[in-house]
Asks: 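Take a look at the following structure, please.
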Protein chains: 2
Amino acid sequence: MAAATHKLIAHAGLDAATMAAVAREAGFSVGLVQHYFASKDELLLFAYKQMTEHQLTRVARKVAEGEAARQPIRAILLDCMPELWPLDEARRGEYRVAKAFHARALDVPTVAEVARETATVVRGQIARAVENGKECGEVEVQTDAERAALELSALIAGLADELYSEPVGGQGARALIKAAEAILEDRLGSYFPGECHHHDR
Amino acid sequence: MAAATHKLIAHAGLDAATMAAVAREAGFSVGLVQHYFASKDELLLFAYKQMTEHQLTRVARKVAEGEAARQPIRAILLDCMPELWPLDEARRGEYRVAKAFHARALDVPTVAEVARETATVVRGQIARAVENGKECGEVEVQTDAERAALELSALIAGLADELYSEPVGGQGARALIKAAEAILEDRLGSYFPGECHHHDR
DNA sequence: GGAATAACCATACGAGCATATGGCTTCCTC
DNA sequence: GAGGAAGCCATATGCTCGTATGGTTATTCC
């Protein structure tokens, strides 16, 4: 049911996600949707929460993989961040849903709460990565981790917007993606200039 | 009339900007609004266009002032960019309106066109500033101006999001603004490391 | 000065929506 | 096997919205 909601919003915006449309898309009746969700707001909020959870889970898995492979933190971050970019149709859909809810967050406090929370989590994880980088020698010790996390998370979000405007698959899109990746790499390089000095045991 | 629309959207979101509400807010009848705008879409698009025009005009004035005062390009950019940040109630309102339309742009091509165009203008102006910086010695000649503009515009947009989440006026807000300004200053510093070598005549 | 054009209004209409209501079935559980 | 909860549905209700309609009052221009 949340999947149907996601699909509708991704395809035609929040306004298209009516109770009737969700029910039809999910193959149920309107009444059943009401049976599980007391109101439309509840349904939307649930769908939104679930999507952000999925995103964060994917990122967490990538982090775990990177750590298992003993990759430097810089490389792990470089691998994770484009997970939030609209690089294929699935992630373009997520981007659209996220944007729709960001607008809704301006007026609906419960949505704003979720948006704020996920943003805080992302920034916190980046900040922790920078702190870890200090310990293992990738990051200079005087670096302000919070400030770095602020810049990096802002940059990711901003680049996502720029990337979305170019339709996927074209040559212009490929060039843009290259540019965005290069920017991210550069910026990560400026915050993580060193080599990890930990040795495999 | 566009002002009334702006006010409503800024205060309560796109959904609150109904024909009746706009008419009431502007002190006219619904019929008169219809007389000037063939459809609601037309009204919304006009209001959006006008707002972006206002923003770009303000920026252009700041640029002109900075050039008249022979300020270095880096300083002019540092002065202009926060113009798009939600630093006071007026600009918070503009931010909300812009966000609402960005979401709408996902589904309405005419809105997407305007959003895309203004984004292109902003990026183009930054790129031109970088090119100018090369000529006067502030920027290293091998710098990729398009890439720099991409990063800077993404950074501004991303930082705007981060800034908005903190309510204005608090101490947390002031700290965040400081941090955002510091980041922007740093980044401008990395793209504009030199001094202008032009002399006053 | 008269006709056409523009400014301006109240109200009607019809569609779409969220939600409420009252039901029917299935499946546990005591 | 009675009964009650949970799964499931069709339809009614009432509201809000964009737009259509048919006007009246100014203004302008020949």
Side-chain angles (χ1 to χ4, degrees), chain A residues 1-51 96-97 99-115, chain B residues 1-51 96-97 99-115:
Chain A
M1 225 142 98
T5 310
H6 177 97
K7 187 170 173 184
L8 284 167
I9 299 175
H11 196 261
L14 259 178
D15 292 343
T18 69
M19 286 291 193
V22 168
R24 193 173 345 108
E25 177 73 32
F28 297 126
S29 72
V30 177
L32 190 60
V33 181
Q34 291 182 105
H35 182 69
Y36 287 109
F37 299 96
S39 70
K40 191 190 174 183
D41 277 342
E42 223 173 82
L43 166 64
L44 292 179
L45 195 65
F46 181 83
Y48 180 42
K49 270 182 179 164
Q50 185 178 281
M51 193 201 71
R96 279 194 288 264
V97 174
K99 275 283 153 192
F101 277 105
H102 287 163
R104 192 175 168 78
L106 299 173
D107 303 302
V108 183
T110 53
V111 176
E113 177 72 18
V114 176
Chain B
M1 226 142 94
T5 309
H6 177 98
K7 187 171 174 184
L8 284 168
I9 298 175
H11 196 262
L14 258 178
D15 292 343
T18 69
M19 286 290 186
V22 168
R24 192 172 348 108
E25 177 73 33
F28 297 125
S29 71
V30 177
L32 190 60
V33 180
Q34 292 183 103
H35 182 68
Y36 286 110
F37 299 97
S39 71
K40 191 190 176 184
D41 278 342
E42 221 173 83
L43 165 65
L44 291 179
L45 195 65
F46 181 83
Y48 180 41
K49 270 183 181 164
Q50 185 178 282
M51 194 201 69
R96 278 195 288 265
V97 174
K99 275 283 153 191
F101 277 106
H102 287 164
R104 193 176 167 76
L106 298 174
D107 304 302
V108 183
T110 52
V111 177
E113 176 73 17
V114 176

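This one's a predicted model, so the numbers in the text were calculated from it and none came from an experiment. Convention: sequence-line order gives letters A, B, ...; per-chain numbering from 1.
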Asks: Enumerate the residues from residues 5-17 of chain A whose closest heavy atom to DNA chain C is under 4.0 Å, giving them by residue number; use none for an empty result.
Replies: none
Asks: Got a sec? Which of residues 34-49 of chain A come in under 4.0 Å of DNA chain C, heavy atoms?
Replies: A/Gln34, A/Ser39, A/Lys40
Asks: Atom CG of residue position A/Asp15 - does it have more than 12 heavy atoms of other residues, nucleotides or ligands inside 6.0 Å?
Replies: no
Asks: OG of A/Ser39 to CE of A/Met19: how many Å apart, nearest 0.5 Å?
Replies: 6.5 Å
Asks: For the pair made of CZ in B/Phe28 and C1' in C/dC8, what is the distance, rounded to whole Å?
Replies: 10 Å
Asks: Round to a whole Å and report the spacing from CE of B/Met1 to C1' of C/dA7.
Replies: 11 Å
Asks: Which distance, rounded to the nearest 0.5 Å, do you find between the CE of A/Met1 and the CD of A/Gln50?
Replies: 11.0 Å
Asks: Rounded to the nearest 0.5 Å, how far does NE2 of A/His6 lie from CD of A/Glu25?
Replies: 11.0 Å
Asks: OG1/A/Thr110 to CZ/A/Arg104 distance, rounded to the nearest 0.5 angstrom?
Replies: 7.0 Å
Asks: May I ask you to decide if the ring planes of A/Tyr48 and A/His102 are parallel, tilted or perpendicular, using 30° and 60° as cut-offs?
Replies: perpendicular
Asks: Using a 6.0 Å cut-off, check whether atom NZ of B/Lys40 has over 12 heavy atoms from anything other than its own residue.
Replies: yes
Asks: Please name the pair of heavy atoms, one in B/Leu44 and one in B/Phe101, separated by the smallest distance, quoted to 0.1 Å.
Replies: O-CZ, 3.4 Å
Asks: What range of DNA chain D does chain B touch, first nucleotide to last, counting atoms under 4.0 Å from its heavy atoms?
Replies: D/dC17 to D/dA20
Asks: Can you tell me how far CG of A/Leu32 sits from CD of A/Gln34, rounded to the nearest 0.5 angstrom?
Replies: 9.5 Å
Asks: Hey, are A/Lys99 and B/Asp107 close enough for a salt bridge, meaning a charged N less than 4.0 Å from a carboxylate O?
Replies: no
